[in-house]
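First the structure, in the form of C-alpha cells, and then the observations on it.
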Amino acid sequence: MTETPQTADFIRDIIAHDLTNGVNDGRLQTRFPPEPNGYLHIGHAKSICLNFGVAAENPGGKCNLRFDDTNPEKEDVEYVDSIQEDVRWLGFDWEDRKFYASDYFAALYRFAESLILQGKAYVCDLSAAEMREYRGTLTEPGRASPCRDRSVEENLDLFRRMRAGEFPDGARVLRARIDMASPNMNMRDPALYRIRRVEHHRTGTEWLIYPTYDYAHGISDALECVTHSLCTLEFEDHRPLYDWILDQLDLPCRPRQIEFSRLSLEYTVMSKRKLNALVQSGVVSGWDDPRMPTISGLRRRGYTPESIREFCRCIGISKSPNRVEHALLENCLRSDLETRSPRTMAVLRPLKVVIDSLPEGYEEVLSAPVHPQNEAMGKRNLYFTRELFIEQEDFRESAPKQYKRLVAGGEVRLRNAYVIRCREVIKDPQSGEIVALLCEHDPATLNANPVGRKVQGVIHWVSAPRSVAGEVRLYAPLFTVAEPDALKGEIVEQVNPDSIEILTGCRFEPELASDAVSLPYQFERLGYFHRDRESTSGHPVFNRAVSLRDAWSKIEQRL
RNA sequence: UGGGCCGUCGCCAAGCGGUAAGGCCCCGGAUUUUGAUUCCGGCAUCCCCAGGUUCGAAUCCUGGCGGCCCAGCCA
C-alpha cells in the first residue's frame, strides 16, 4: 500500500518550530518508553507511530526504545521480549538505541543524593496511609510531614541506609521537598524512592530501593538527550514536577514534555489492567487472542503493519477526548488487503451441489486469476467436478426478487466457472432439511455470458473431491457496548459470549492445506482470512480478520 | 469543590482574524463473473451557549454550560 504522508498536528508543529529555531541545537530525539508489564496494544501503536514517525520525518531525527522498568513488582522479561517483537513487526527500528530506566539506577541514586544535599529532598517515615492523610484533599492543602525538616546529614544517612537494606519494605520513602499546599497534588512532596525487596528482572537483587516514575522519567530523558518527550494527557499535571526535577539537577540536556490524548476504540478496552484480567481469567486465549486489541492479537487476527500504521495516520494526534469507531480500523485493513491479498474461494457452511449433466468422475481444470485486478499475481487452478459445495446462504427455495443468488429453478453463475440451473432440491425425508441440489450447467457460459438471458448473481464454490476440509473462526467485538469502560462490575463478566464463532467442516481450495502465504487471503465474497498459528497441514485453520463490505445485508434488513 | 486540560458534521480531524480541508460512516447513481473493488455525486450558512471587540470571528475578549484527568511508596 502506498503510504500517505502524515499531515501536521500540534506536536509536529511544535517540533518543526523548534527545529527551525535551533532549539536543542536543532536536534530531534524522541523515545518510546513502555513499561514491560504487559503486551503492547493499538494505543501504544499510536505512540510508536508518533515517536518513531516524527523522528523518521526529520533529517537526523532519532527515536529510542526505552523500557520504563522502575517497578519490578509488575514487570517481566516476557514483556520486554514481546514489546521488541511488536515494535519491530510494526516496522520501526531503534537501531542500537535500546535503553532501560534501570540502566540509570546508579546515576538516579547519585542525583537523589544531590537533591538531599541541596535540601530539596528528605527521607520520610510516614506510612502510606499517613502520607495520604497528610497530603490533604483536592480542596484542602496538605500538612508538612514531621520529617520534612530533617537535617541534610540525617537525610543522607537515612537514604544510604535505605539503600543498604536497613529498613523493611515501605518503612520510609525519599520525598521531594516542594510545596504541601500546591493546588497540584503532584507537587505535594511526591515520593521519589521506595524500599522494595523485590528481584528486578535486570538488576536482580542489586537494588532494594527503586525510583518512582516521576523521578526517573525526566532524568532518563535528559540522560538520553531526548528533546521532545511525548506522553499522554494524564501526565499533564505531572509536567510541573517533571520540570521541577530537571531544574534542580545538572543535566546534559533539557527535554520538553508534550502531552496528547490517548486512543480509545469502540467495543474494546485498552487499559493493561483490564487486558491482563481478560488473559488471566481465560475468557480470551491469551494476549494474542485475535479478539484482543493488542498488537499480537491484531497480528494473529490478520491485521498488517501497514494497516495499523495507516490507522494511526488517520486518527491523528490531538488533545481532544476521543473514541474512534471500529469501522475506521476495519477500513484501513480492507483497503490495504484489497490491492495485494491473493484471492481464493472457501465455503464456510457447505451445501452439496450435484451437476448431473456431467458424468461420474468428471473433472475439468479451470484457470482463475489470483487477483482480478492484478494479472502479475498469476493464476491458480480450479477443479470443476460433478459434485461441488456452495454456501448454504447462497441458495433459497424462494426469495424476494432482490435476492441475486441461486433459487429453485433459477440460474446463478459459479465464480470463474459456469452458469448453473437448479433443477431439483433434495431434502431429508425425516427432517425436511435440504441435503443437496441437483443442477445442470450451461457449457457455453465459461468466460462468456449466456445468450438470450441475463444471469446476475455470482456465487463462490469449491469442488467436493478436490477441496480440503478445515476450520474457520469468525469474530465479533469483545464487548457489545461501544464504551465497555463505563460498564460496572467485573470486566471479565461483560465479555460478549458471541465474540467468537468456530466453524468446522469448512471447505477450501486445495492449496490452502499448506502453503506459506504471509498475507491474509481474500475468501471471495466473504472477507479476509489469515491462517492461524494453530493451523496444521492436515487441518487448516483460518481467522477472519475482517469481512468484505456487505451491501446485501443492508438491503435485506430493509425488506 | 482546588488545579490541569478539552469542546468544529454520526466518528476522527484540519483550521492560528478574511468568510468551514480531508478521512471514516451514511445516502444516491455508473461500471462489475466478488451484492467487493473502482468511479461519479450528495452529506456543518455553521464551529458548546450568550454577550462583546472588529469592515469582517470557529479563530480575539468576557461570562456561562458540558466532558476528561489528579488525593499510588503504579506508570
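Residue numbers begin at 1 in each chain, while the letters A, B, ... track the order of the sequences. Any value given below was found using the heavy atoms of this structure, including those in side chains, with hydrogens, waters and symmetry copies removed.
In this structure, the side chains of A:H200 and A:W207 stay at 4.5 Å or more apart for every pair of heavy atoms.
Looking at which nucleotide of RNA chain B each of A:Q522 and A:L233 is closest to, the 5′-most match is held by A:L233. Mapping A:P372 and A:S318 onto RNA chain B via the closest heavy atom, the residue that lands nearer the 5' end is A:S318.
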Would you tabulate the pairs of protein nitrogen or oxygen atoms and nucleotide nitrogen or oxygen atoms of nucleotides 40-42 of chain B closer than 3.5 angstrom?
none

What nitrogen or oxygen pairs link the protein and nucleotides 2-4 of chain B at under 3.5 Å?
from, atom 1, to, atom 2, distance (Å)
B:G2, N9, A:L138, O, 3.3
B:G2, N2, A:P183, O, 3.2
B:G2, N3, A:L138, O, 3.2
B:G3, N2, A:D237, OD2, 2.7

Could you run down the sub-3.5 Å N/O contacts of the protein with nucleotides 73-75 of chain B?
from, atom 1, to, atom 2, distance (Å)
B:C73, OP1, A:R135, NH2, 3.4
B:C73, OP2, A:R135, NH1, 3.2
B:C73, O2', A:R196, NH1, 2.9
B:C73, O2', A:R196, NH2, 3.2
B:C73, O2, A:R196, NH2, 2.7
B:C73, N3, A:G170, O, 3.1
B:C73, N4, A:L126, O, 2.9
B:C73, N4, A:A128, N, 3.1
B:C73, N4, A:G170, O, 3.0
B:C74, OP2, A:R194, NE, 3.0
B:C74, OP2, A:R194, NH2, 2.8
B:C74, O3', A:R194, NH2, 3.1
B:C74, O2', A:N71, ND2, 2.9
B:C74, O2', A:K74, NZ, 3.4
B:A75, OP1, A:T70, OG1, 2.7
B:A75, OP1, A:R194, NH1, 3.3
B:A75, OP1, A:R194, NH2, 2.8
B:A75, OP2, A:Y213, N, 2.9
B:A75, O3', A:D68, OD2, 3.3
B:A75, N6, A:H238, NE2, 3.2

Using a cutoff of under 3.5 Å, can you pull out all pairs of nitrogen or oxygen atoms linking the protein to nucleotides 57-59 of chain B, with atom names and distances?
none

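Side chain A:R334 to base B:U37: no donor-acceptor pair is found below 3.5 Å. Between the side chain of A:Q402 and the base of B:G35 there is no donor-acceptor pair of N/O atoms closer than 3.5 Å.
Screening residues 138-147 of chain A for salt bridge (Lys or Arg N to Asp or Glu O under 4.0 Å), with sequence neighbours left out, gives no hits.
Between the C1' atoms of B:G29 and B:G15, the separation comes to 33 Å (whole Å). Rounded to the nearest Å, the gap between the P atom of B:G3 and that of B:A14 is 28 Å. When the C1' atom is compared between B:C47 and B:G7, the two are found 10 Å apart, to the nearest whole Å.
Remark: A:E234 does not engage A:K319 in a salt bridge, criterion side-chain N to carboxylate O under 4.0 Å. With salt bridges taken as basic N to acidic carboxylate O contacts below 4.0 Å, one links A:R396 and A:E556. The pair A:R453-A:E411 meets the salt-bridge criterion, with a side-chain N (NZ, NE, NH1 or NH2) lying under 4.0 Å from an Asp/Glu carboxylate O. Comment: A:R239 engages A:E259 in a salt bridge, judged by a side-chain N to carboxylate O separation of less than 4.0 angstrom. The existence of a salt bridge linking A:R12 and A:E57 is confirmed by a sub-4.0 Å separation between a basic side-chain nitrogen and an acidic carboxylate oxygen.
Across all strands shown, A:R405 has heavy atoms under 4.0 Å from base atoms, whether or not it also approaches the sugar-phosphate. Within the nucleic acid shown, A:L329 has no heavy atom closer than 4.0 Å to any nucleic acid atom. Residue A:Y403 is in base contact, counting any heavy-atom pair closer than 4.0 Å across all strands shown. Residue contacts shown for A:T137 include a base, since a base heavy atom lies under 4.0 Å away. Counting any heavy atom pair closer than 4.0 Å across all strands shown, A:K554 reaches sugar-phosphate atoms only and no base atom. Residue contacts for A:R343: at a heavy-atom cut-off of 4.0 Å it reaches a base atom on one of the strands shown.
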Determine, stepwise, if the pair A:D221 / A:R66 fulfils salt bridge (Lys or Arg N to Asp or Glu O under 4.0 Å).
CA-CA 9 Å; A:D221 283 343; A:R66 181 171 74 231; 2.7 Å; yes
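Taking only side-chain nitrogens and oxygens, A:R558 comes nearer than 4.0 Å to OP1 or OP2 of B:C27. At the phosphate of B:U37, OP1 or OP2 sits under 4.0 Å from a side-chain N or O atom of A:R549. Put simply, A:R525 has a side-chain N or O that comes within less than 4.0 Å of OP1 or OP2 on B:G35.
Applying the side chain to side chain contact (heavy atoms under 4.5 Å, CB included) rule to A:D125 yields the partners A:V123, A:C147, A:R150, A:R172; only residues at least two apart in sequence or on another chain are considered.
Taking the syn range as angles within 90° of 0, the glycosidic angle of B:G10 is outside it, so the base is anti.
Here the closest heavy-atom approach between residue A:Y79 and residue A:P36 is recorded as CD1-O, 3.2 Å.
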